[in-house]
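If you're wondering where the values come from, they're calculated on a predicted model, not measured in any experiment.
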Amino acid sequence: MIVIRSLRRSIISVQYFIIYAWAVLRHLLTHLILLLLAYALLSGGPQVQDVFRSINASEPNLLTNIPFLTMTCFTVAWGVSLWYCGRLLLSLADVRGPKLLDTFHRFPRHESRRERERLSDFIAQIPPILGLLPPLLVSLAFADTDNRHIFYVAWFYGLTIGLGLWFTYHRQLLRKVLPGIRFDPFLFKPDRRHWRDIWRLSDSYSRVCYALLIINFAIWLLLIFFPDRWPVIWQAGPVGILLIAFTWLTPLVSYLTYLNRPTRPVLLLLTLWIVICSYFNDHTLLRFTEANPIKQSVRQSAMVLPVSHVKGQPLAGITDAHSGAEAGLMRPGIHKHLRQWVSHRAAWPTDTMPVFIIATEGGGIRSLNWTTGVIQQLDSLIPGFYKQIFAFSGVSGGGVGATFLTTFRRDVPRVTPVRYRQFRQATNDDFLSPVMGALLFHETLQKVLPFPVRQFNRSNWLEDAWSASYYQHLQLHSLDKPFLSLWSAADSLDHPSLFLNAVITESGQKGILSNLQLDSQYFRDVVDIYGITRRDIPIKTAASLTARFPWLSSGGLITYPDGRPFGHVVDGGYWDNTGLETALSILTAITPDIQQFNQNPGRPFTIQPVVLYLKNTLIDEECDVSDSYFDWLIPIVASMNANQRKSGTVSNLTENLLHNYQPEVPYHIIQLDRKTGVPLPLGWYLSDDARYDLWRKVNAFAHTHTTFTKTVGHFFNN
């Protein structure tokens with residue numbers, strides 16, 4: 001009987017514990033959601049790991065290390081915000097509602113006074129526990145990196161202990177420092193107060209906390225509307241921006257939770273308002289450099305050089321039969337461009353002239369730097385290599401890299417070590433902080449506005465970050481210029497054409513932005529984006545068009561000339577992350593012209609197309625079997641993993657196809673070694689260690705790909 005009584009008492013205690021916990025935590029569910037979101041982001045894969053790797057490699061100086069200082073300040077601020085907002089919310093809320101009281105009466109014990117005391121203990125204990133979690137999460141994130149620095153782990157763990165001591169003994173400490181201070185006598189009482197009475201009934205200490213929360217909102221407004229925002233965003237760092245966002249979100253969700261009642265469903269109404277606003281506040285329209293559609297006119301003749309203006313004479317064997325309908329347009333057709341491109345190289349020194357078609361795989365900033373580094377290395381090892389690139393087929397970061405490199409070579413025809421080092425610095429900046437800042441601050445405000453504010457578009461912030469970095473290191477505003485201006489000068493035929501791959505969300509079609517018109521015979525069911533918009537866009541916008549990976553960046557709305565929407569473009573990796581499919585379309589489009597030229601007995605040389613694939617993804621041979629939330633995650637996990645795994649299949653198919661091509665077309669894969677060295681993340685941020693390891697592998701290209709350089713080099717030397 002004693003055992004049964006003890007067991008029954010234990011069961012009742014557990015039941016009461018669950019009741020108390022739910023009675024308190026149901027008012028703090030939004031706080032718990034923020035903490036779970038923070039946990040997911042702070043342990044969210046290689047990109048976050050690389051951010052913490054960068055901080056671990058820096059000096060832990062509170063006076064000079066701005067990211068570390070920002071993280072320290074706002075980790076403490078968020079912890080205090082969770083603690084005090086939780087206290088305030090529970091003191092205002094009807095924690096012991098009628099249903100809870102009815103539940104108490106169902107149990108055999110009716111110790112109302114004791115139960116009320118226990119409930120008050122829960123109200124007093126849970127907010128401090130929540131307030132301790134932010135520094136603890138940051139400490140665990142530091143400890144999880146491969147180059148963990150014991151100081152950072154210990155520092156944020158020490159902040160956890162320090163906050164715990166403050167939450168426990170702050171009254172005693174303040175009474176000793178300020179003997180006359182009084183504390184709120186109504187705190188933790190089940191009687192409900194109105195929020196308008198908070199300031200009047202609160203003590204001086206509480207008023208300081210309220211003032212800090214108001215200052216926090218002021219910081220949020222400054223980050224949105226302050227004109228000189230770039231230095232602030234960049235110096236805070238990605239984790240600092242994240243902590244600032246959670247610090248100001250906490251009082252916001254606390255106030256919304258306070259207003260939310262069964263008879264006043266504020267959170268539901270806010271959700272419905274956001275849904276309604278989404279019909280009117282699409283702010284993702286692409287930037288255009290021309291207000292009016294592109295038309296056929298004389299002013300476009302600078303974009304398509306007549307044959308008489310091209311170096312050398314027209315070469316026999318390539319006719320203009322395919323491009324007669326395209327002669328008056330701003331963008332030449334691919335056949336006409338090939339004719340001019342070959343004519344420009346009439347004095348080729350060897351018997352075989354290569355035509356390189358390069359597919360550069362997606363991969364964020366990793367792919368951006370791999371693309372620019374490899375091509376520049378090849379051009380230094382094989383002088384003249386860059387000028388023999390007929391076209392880039394770029395996806396995501398690979399497309400950004402191809403665009404950046406083409407812009408740089410257009411700006412700096414003779415690349416010196418100093419200018420190349422400046423260019424490398426421009427492609428290695430922190431591009432993650434600006435887009436995160438816009439996502440967490442500007443886009444939050446945009447969601448509740450019933451009209452679009454295009455300055456709040458986070459993709460524009462990413463574009464502006466590229467442009468600002470390019471100007472900061474090279475002192476050039478080139479990325480703000482029109483995309484088609486890259487081919488407007490007399491030396492335009494010395495630069496490759498760009499085929500930037502995207503996906504049309506609404507139809508699922510592949511979309512391509514190119515300086516050349518697409519031949520529907522070879523690009524079937526492909527949207528020629530310039531054919532829809534008929535307006536030019538900045539170079540930075542063209543680069544971002546292929547690298548819009550939701551949720552980090554937004555889709556881009558493209559419209560017809562009259563303003564009617566056509567659809568939203570997103571990252572080209574959704575269709576084919578390799579870029580090889582478009583490269584094969586380019587090859588098949590120019591093959592008849594090349595064959596016609598090679599069959600001409602009076603040809604000065606033979607044209608040989610060559611396909612290169614710049615690969616940077618790593619396909620794991622082993623995989624972990626899903627064991628949790630399988631039914632929920634299977635559509636997303638299967639889609640993403642199948643898309644990534646597709647790269648190997650497409651590459652193998654391309655190799656077999658070109659091997660059996662008549663005549664055979666050489667196919668080469670230039671693979672980034674990611675099995676050794678520092679992990680290289682997918683994203684828009686590289687730590688110093690990751691950057692150093694990546695460029696070490698780029699600089700070792702001459703030693704790791706000697707066979708390839710010899711094979712390609714024979715085209716350039718007799």
Hey, can you tell me if F408 and Y420 have their rings parallel, tilted or perpendicular (30° and 60° cut-offs)? tilted

Going by the angle between their ring planes, with limits at 30° and 60°, are W341 and F390 parallel, tilted or perpendicular? perpendicular

Is there a donor-acceptor pair under 3.5 Å between the side chain of [X] and the backbone N or O of [Y]?
| X | Y | answer |
| --- | --- | --- |
| D494 | K387 | no |
| R564 | T559 | no |
| D379 | I375 | no |
| S393 | A359 | no |
| T546 | A543 | no |
| T289 | D536 | yes |
| R366 | L680 | yes |
| N281 | Q446 | yes |

Does some side-chain heavy atom of [Y] sit less than 4.5 Å from a side-chain heavy atom of [X]?
| X | Y | result |
| --- | --- | --- |
| I334 | F499 | yes |
| S651 | L580 | yes |
| I537 | L513 | yes |
| K510 | E581 | yes |
| N457 | S554 | yes |

For the residue pair [Y] / [X], report whether a side-chain donor-acceptor contact shorter than 3.5 Å exists.
| X | Y | answer |
| --- | --- | --- |
| T371 | T360 | yes |
| H568 | E506 | yes |
| D689 | S687 | no |
| H337 | N515 | no |
| T407 | Y470 | no |
| R345 | Q388 | yes |
| D429 | H473 | yes |
| T427 | N369 | yes |
| W370 | E361 | no |

Where do [X] and [Y] come nearest, in terms of heavy atoms and distance?
| X | Y | answer |
| --- | --- | --- |
| G397 | W684 | CA-CH2, 4.3 Å |
| R331 | G531 | NH2-N, 3.9 Å |
| S553 | A547 | OG-O, 3.7 Å |

R548 and S459: CA distance, side-chain angles, deciding distance, side-chain hydrogen bond (donor to acceptor under 3.5 Å, both in side chains) verdict: CA-CA 7 Å; R548 292 172 175 260; S459 291; 3.2 Å; yes

Are the charged groups of R458 and E463 less than 4.0 angstrom apart, N to O? no

Given the ring of Y386, does R409 sit roughly above its face, with NZ or CZ under 6.0 Å from the centre of the six-membered ring and within 45° of the axis? yes

Between D464 and K540, is a salt bridge (charged side-chain N to carboxylate O under 4.0 Å, His left out) present by the stated rule, with each step listed? CA-CA 8 Å; D464 291 342; K540 60 185 180 183; 2.9 Å; yes

Aromatic ring proximity F701/W695, centre distance under 6.0 Å: no

State yes or no: are the ring centers of H283 and F456 separated by less than 6.0 Å? no

Who passes side-chain contact (heavy atoms from CB on, under 4.5 Å) against P46, sequence neighbours left out? P681

When rounded to the nearest 0.5 angstrom, what is the spacing between [atom1] in [X] and [atom2] in [Y]?
| X | Y | atom1 | atom2 | value |
| --- | --- | --- | --- | --- |
| R534 | F288 | CZ | CZ | 12.5 Å |
| D411 | L476 | CG | CG | 5.0 Å |
| I590 | L587 | CD1 | CG | 6.0 Å |

Counting only heavy atoms not in Y692 (residues, nucleotides, ligands), do more than 12 fall under 6.0 Å from its OH? no

So among F392, W466, F431, which one has a ring pair (Phe, Tyr, Trp, His ring centres under 6.0 Å) with F404? W466

